[in-house]
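All remarks here apply to the structure that follows.
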Amino acid sequence: MRTIRVAFYKESDNIKDKIRKLFGKYSRVEIIVNSKIYSITPKNGVQIVSKTYDKTKWDFVDIEVNNTFIINKVQKFLNNQIGKKFDYFGATFGQLFGLGWQDSNKWYDVELITKFLQYCLIDEFMELNPSKMSINKLYKILKGIKEKTI
C-alpha cells in the first residue's frame, strides 16, 4: 500500500491565488508521490520541486492506494508532464466556470491531480471530468474518502 499526499495551499501569493481564494479556502494544490513533490504553477508549469511545507499555510490529505504497481506506473504519467505549461484558459473556464476546456499540452493543478487519481483507479474520481474540477471539490472528495477509511 502506498500513501499519496495532496497538499492544499491556504495563502495567496499572487493575483491568480487571490482570484481562486474568492471561490473557496484554497488557492493551489500539489501532490506528493513516492517522496516527489509535483507542483503546477503559472510561472514554471509542471515541475518536481524540493521544499518543506509550513504547516500553518498548508492542509494535507493522505490517501492510501492499494496497488503499488499502479502508483509506479501512473507516476510515469506525472513525470511525462514535467515542463508542460500552466493552462490559464483551462483553469479559468474549467475550474471557475465549469466549462471543461482541456489542452493536452498544458495543465492546471487540480486538473492534473484529478487525472492522476483517475489513473490510480480511485472510484470517486472515475466519472469526473478533470477539466471541470475545482480545488474545493477536490478537497471535499478526498476528505470524504479519508473519512470512509477511518
Side-chain angles (χ1 to χ4, degrees), residues 1-14 16-17 20 24-55 57-96 98-146 148-149:
M1 186 164 323
R2 285 282 169 94
T3 301
I4 297 167
R5 174 168 274 186
V6 183
F8 294 86
Y9 191 56
K10 298 185 276 189
E11 302 293 315
S12 51
D13 298 333
N14 55 48
K16 177 197 67 77
D17 288 353
R20 285 175 130 184
K25 184 176 178 181
Y26 303 105
S27 62
R28 82 175 171 256
V29 61
E30 298 176 346
I31 189 165
I32 302 139
V33 181
N34 293 329
S35 301
K36 289 186 179 181
I37 302 169
Y38 294 86
S39 177
I40 305 96
T41 63
K43 181 179 179 184
N44 299 312
V46 181
Q47 62 180 342
I48 296 174
V49 297
S50 295
K51 67 175 173 185
T52 55
Y53 287 98
D54 178 344
K55 293 184 181 184
K57 296 181 179 183
W58 293 85
D59 285 338
F60 303 93
V61 180
D62 293 338
I63 298 297
E64 300 295 328
V65 176
N66 293 328
N67 192 324
T68 302
F69 174 76
I70 286 178
I71 293 291
N72 293 336
K73 195 80 166 154
V74 178
Q75 189 169 11
K76 289 180 184 178
F77 159 75
L78 280 180
N79 290 335
N80 289 336
Q81 308 316 307
I82 302 298
K84 290 190 178 180
K85 295 184 185 293
F86 186 87
D87 188 359
Y88 284 101
F89 193 75
T92 303
F93 289 100
Q95 180 174 268
L96 301 181
L99 297 178
W101 178 265
Q102 208 280 319
D103 183 331
S104 60
N105 293 313
K106 297 177 184 176
W107 293 97
Y108 67 94
D109 48 5
V110 180
E111 179 185 41
L112 180 60
I113 292 168
T114 300
K115 181 60 82 176
F116 173 85
L117 295 169
Q118 285 178 333
Y119 287 159
C120 288
L121 304 176
I122 297 174
D123 289 341
E124 290 81 355
F125 290 92
M126 294 308 291
E127 295 183 25
L128 299 176
N129 181 340
S131 302
K132 292 184 177 184
M133 286 291 289
S134 69
I135 294 173
N136 297 305
K137 186 173 183 178
L138 176 66
Y139 182 80
K140 183 178 175 183
I141 293 169
L142 290 173
K143 284 299 279 185
I145 293 169
K146 187 69 177 170
K148 278 192 235 177
T149 60

Nearest 0.5 angstrom please: [X] [atom1] to [Y] [atom2], how far?
X	Y	atom1	atom2	answer
Phe77	Cys120	CZ	SG	10.0 Å
Ile113	Ile31	CD1	CD1	5.0 Å
Tyr139	Ile135	OH	CD1	12.5 Å
Arg28	Glu11	CZ	CD	9.5 Å
Asn34	Ile4	CG	CD1	8.5 Å
Phe125	Thr114	CZ	OG1	6.0 Å

Heavy-atom distance under 4.5 Å between the side chains of [X] and [Y], does that happen here?
X	Y	value
Lys76	Asn72	no
Leu78	Leu112	yes
Leu142	Leu117	yes
Gln81	Lys115	no
Phe86	Trp107	no

What side-chain donor-acceptor pairs closer than 3.5 Å can you find for residues 41-52, not counting sequence neighbours?
residue, atom, partner, partner atom, Å
Thr41, OG1, Asn44, N, 3.1
Lys51, NZ, Glu30, OE1, 3.0
Lys51, NZ, Glu30, OE2, 2.9

Counting only N and O atoms by type, is there a donor-acceptor contact under 3.5 Å from the side chain of [X] to the main-chain atoms of [Y]?
X	Y	value
Asp109	Val29	yes
Glu124	Ile145	no
Tyr53	Asp59	no

Exercise. Tell me, please, which residues at least two apart from Asn105 pass side-chain hydrogen bond (donor to acceptor under 3.5 Å, both in side chains).
Key: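 If we apply the side-chain hydrogen bond (donor to acceptor under 3.5 Å, both in side chains) test to Asn105, skipping adjacent residues, there are no hits.
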Quiz item: Looking at Lys55 and Lys10, what are the two nearest heavy atoms and their distance?
Solution: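 Where Lys55 meets Lys10 most closely, the heavy atoms are O-NZ, 4.4 Å.
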Quiz prompt | Leu128 to Gln118 - nearest heavy-atom pair and separation | solution =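 That would be O-NE2, 2.7 Å.
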Self-check item: side-chain contact (heavy atoms from CB on, under 4.5 Å) partners of Leu121, counting only residues at least two apart
Solution: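 Result, side-chain contact (heavy atoms from CB on, under 4.5 Å) vs Leu121: Ile70, Met126.
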Quiz item: Do Tyr38 and Asn79 get their side chains close enough for a donor-acceptor pair, meaning under 3.5 Å?
Solution: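 Yes, side-chain donor-acceptor contact under 3.5 Å.
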Practice problem: Could you check Tyr9 against Tyr26 for side chain to side chain contact (heavy atoms under 4.5 Å, CB included), going step by step and ending with a plain yes or no? | Solution: CA-CA 5 Å; Tyr9 191 56; Tyr26 303 105; 5.9 Å; no
